[in-house]
Asks: 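Here it is, the structure, as structure tokens.
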Amino acid sequence: MTPRTPPTPGAPREERASDARSPRTGRVERTTKETSVLVEIGLDGTGEVNVSTGVGFYDHMLDQLGRHGLFDLTVKTDGDLHIDSHHTIEDTSLALGAAFRQALGDKRGIVRFANAAVPLDESLAQVTVDLSGRPYLVHSEPEGMAPMIGAEYDTTMTRHILESFVAQAQIALHVHVPYGRNAHHIVECQFKALARALRYASEIDPRQHGVPSTKGAL
């Protein structure tokens with residue numbers, strides 16, 4: 001075996017790519033006449049979550065997203081809840097998508113594609129994601145879901161949350177719930193599966209030194 005040459009005193013240390021990588025974080029503030037939103041996300045976190053939107057069930061879903069994705073996530077939203085929860089949920093989802101895209105940076109070294117299947121009692125969600133730079137959503141849920149969860153969460157908002165997130169994150173997302181009965185379970189397993197798929201797709205592959213695309217950009 002050829003002996004290794006010791007480094008020259010004073011010479012710069014050769015760093016691994018992981019040593020030189022900047023923290024993958026995003027921060028977005030969005031203010032309109034209807035809402036004021038702050039979202040901060042760290043992709044390489046531990047699942048530390050601090051969320052307050054004023055919509056209890058949506059807070060619960062964002063908590064699932066952060067904890068199961070191992071994203072450090074802060075969300076603070078003040079919205080016109082005296083009207084209804086639509087603007088608050090929509091604008092938060094838009095800001096979350098923008099922050100996620102910002103945190104991905106140039107996407108160098110990411111896995112890019114991932115899927116996850118998560119059950120919650122009688123319900124099952126299957127999620128596949130491509131961090132492609134092109135927004136596209138395919139979404140299906142069982143028919144006949146209860147229209148509301150609690151007093152503030154309209155179950156038709158789940159698709160709109162995903163549409164809003166995808167539009168700003170610029171990803172392709174397929175979400176399919178082949179069966180389920182309880183509306184709470186149907187929605188929650190979607191957020192858990194989304195969290196896992198985003199986590200796996202955004203992870204750094206040590207063998208991937210560039211952008212995982214024949215185009216050279218995502």
Side-chain angles (χ1 to χ4, degrees), residues 39 41-75 77 84-86 88-90 92-97 99-100 111-131 135-169 171-203:
V39 173
I41 189 169
L43 301 187
D44 305 307
T46 59
E48 183 175 344
V49 179
N50 184 5
V51 171
S52 177
T53 68
V55 183
F57 183 76
Y58 186 46
D59 287 356
H60 181 42
M61 295 303 97
L62 293 177
D63 188 48
Q64 302 300 327
L65 186 67
R67 292 183 187 277
H68 292 284
L70 289 181
F71 305 134
D72 290 341
L73 180 62
T74 297
V75 178
T77 302
D84 68 11
S85 62
H86 186 108
T88 294
I89 293 173
E90 177 183 62
T92 301
S93 303
L94 290 168
L96 179 61
F100 183 79
V111 173
R112 177 179 171 178
F113 304 100
N115 61 77
V118 171
L120 180 53
D121 294 349
E122 86 296 341
S123 301
L124 175 71
Q126 301 165 329
V127 172
T128 303
V129 64
D130 175 10
L131 306 183
Y136 202 95
L137 174 68
V138 177
H139 180 256
S140 64
E141 293 174 321
E143 295 182 0
M145 283 180 62
M148 299 293 293
I149 299 174
E152 298 172 321
Y153 189 87
D154 180 341
T155 55
T156 64
M157 285 300 293
T158 303
R159 178 176 298 181
H160 192 50
I161 289 168
L162 299 175
E163 288 170 339
S164 301
F165 178 79
V166 162
Q168 291 298 312
I171 64 175
L173 179 63
H174 291 236
V175 178
H176 178 49
V177 183
Y179 46 80
R181 182 178 64 254
N182 180 278
H184 187 132
H185 293 171
I186 290 170
V187 177
E188 184 170 337
C189 66
Q190 290 179 66
F191 276 86
K192 288 178 175 177
L194 174 63
R196 285 287 175 152
L198 290 175
R199 170 183 165 184
Y200 301 150
S202 62
E203 285 180 343

Asks: Can you tell me if His160 and Glu163 form a side-chain donor-acceptor pair at under 3.5 Å?
Replies: yes
Asks: Would you name the heavy atoms of Val129 and Ala201 that are closest together and state the gap between them?
Replies: CG1-CB, 3.7 Å
Asks: Is there a side-chain contact between Leu124 and Cys189 (heavy atoms, below 4.5 Å)?
Replies: no
Asks: Check whether any side-chain N or O of Arg196 sits under 3.5 Å from a backbone N or O of Val118 as a donor-acceptor pair, and report yes or no.
Replies: no
Asks: Answer yes or no: is there a side-chain heavy-atom contact under 4.5 Å between Met157 and His86?
Replies: yes
Asks: Just wondering, do Leu198 and Val127 contact through their side chains at under 4.5 Å, heavy atoms?
Replies: no
Asks: Closer than 3.5 angstrom, by distance alone: can the side chain of Ser85 be matched with the main-chain N or O of Glu152 as a donor-acceptor pair?
Replies: yes
Asks: Please report the interatomic distance CG(Asp154) to CD1(Ile89), rounded to the nearest 0.5 Å.
Replies: 8.0 Å
Asks: So which heavy atom on Ala116 is nearest to which on Ala197, and how close?
Replies: CB-N, 3.9 Å
Asks: Which pair of non-hydrogen atoms, one from Ala99 and one from Ile41, has the smallest distance, and what is that distance?
Replies: O-CG2, 3.6 Å
Asks: Just one of Thr46, Asp44, Val49, Leu43 clears the side-chain contact (heavy atoms from CB on, under 4.5 Å) bar with Phe71, so which one?
Replies: Leu43
Asks: Looking only at heavy atoms, which two atoms of Glu203 and Arg199 are closest? And how far apart?
Replies: CG-O, 3.0 Å
Asks: Do the non-hydrogen side-chain atoms of Tyr153 and Val187 ever get within less than 4.5 Å of each other?
Replies: yes
Asks: Spell out, as yes or no, whether a donor-acceptor pair under 3.5 Å connects the side chain of Gln64 to the backbone of Phe191.
Replies: no
Asks: Would the His184 and Phe57 ring centres measure less than 6.0 Å apart?
Replies: yes
Asks: Taking atom CD of Gln190 and atom OG of Ser140, what is their separation to the nearest 0.5 Å?
Replies: 8.5 Å
Asks: Are the side chains of Tyr136 and Leu173 in touch, meaning some heavy atoms are under 4.5 Å apart?
Replies: no
Asks: With distance as the sole criterion, is a donor-acceptor pair present between the side chains of Thr53 and Asp59 under 3.5 Å?
Replies: yes
Asks: For Phe165 and Phe100, take the angle between the two ring planes, folded into 0 to 90°, and tell me which bin it lands in: parallel under 30, tilted 30 to 60, perpendicular over 60.
Replies: tilted
Asks: As a quick check of understanding, evaluate side-chain contact (heavy atoms from CB on, under 4.5 Å) for Leu96 and Leu65, giving each step before the final call.
Replies: CA-CA 11 Å; Leu96 179 61; Leu65 186 67; 3.7 Å; yes
Asks: How long is the span from the NE2 atom in His185 to the CD1 atom in Ile149, to the nearest 0.5 Å?
Replies: 10.0 Å
Asks: Just verifying a value: how many Å separate Met61 CE and Leu194 CG, rounded to the nearest 0.5 Å?
Replies: 11.5 Å
Asks: Under 4.5 Å between any side-chain heavy atoms of Asn115 and His174, yes or no?
Replies: no
Asks: When rounded to the nearest 0.5 angstrom, what is the spacing between CG in Asp63 and NE2 in His60?
Replies: 7.5 Å
Asks: Does any part of the side chain of Leu73, heavy atoms only, come nearer than 4.5 Å to the side chain of Val39, both counted from C-beta?
Replies: yes
Asks: Using every non-hydrogen atom in the two residues, find where Glu122 and Arg181 come nearest and quote the distance to one decimal.
Replies: OE2-N, 3.1 Å
Asks: Search all heavy atoms of Ala125 against all heavy atoms of Ala193 and return the closest pair with its distance.
Replies: O-CB, 3.9 Å
Asks: Once rounded to the nearest 0.5 Å, what's the spacing between atom CD1 of Ile186 and atom CE of Met145?
Replies: 4.5 Å
Asks: Return yes when atom CD of Glu48 has more than 12 non-hydrogen atoms of other residues, nucleotides or ligands closer than 6.0 Å, and no otherwise.
Replies: no
Asks: Just so I know, are the side chains of Thr92 and Leu62 near enough to count as touching, which here means a heavy-atom distance under 4.5 Å?
Replies: yes
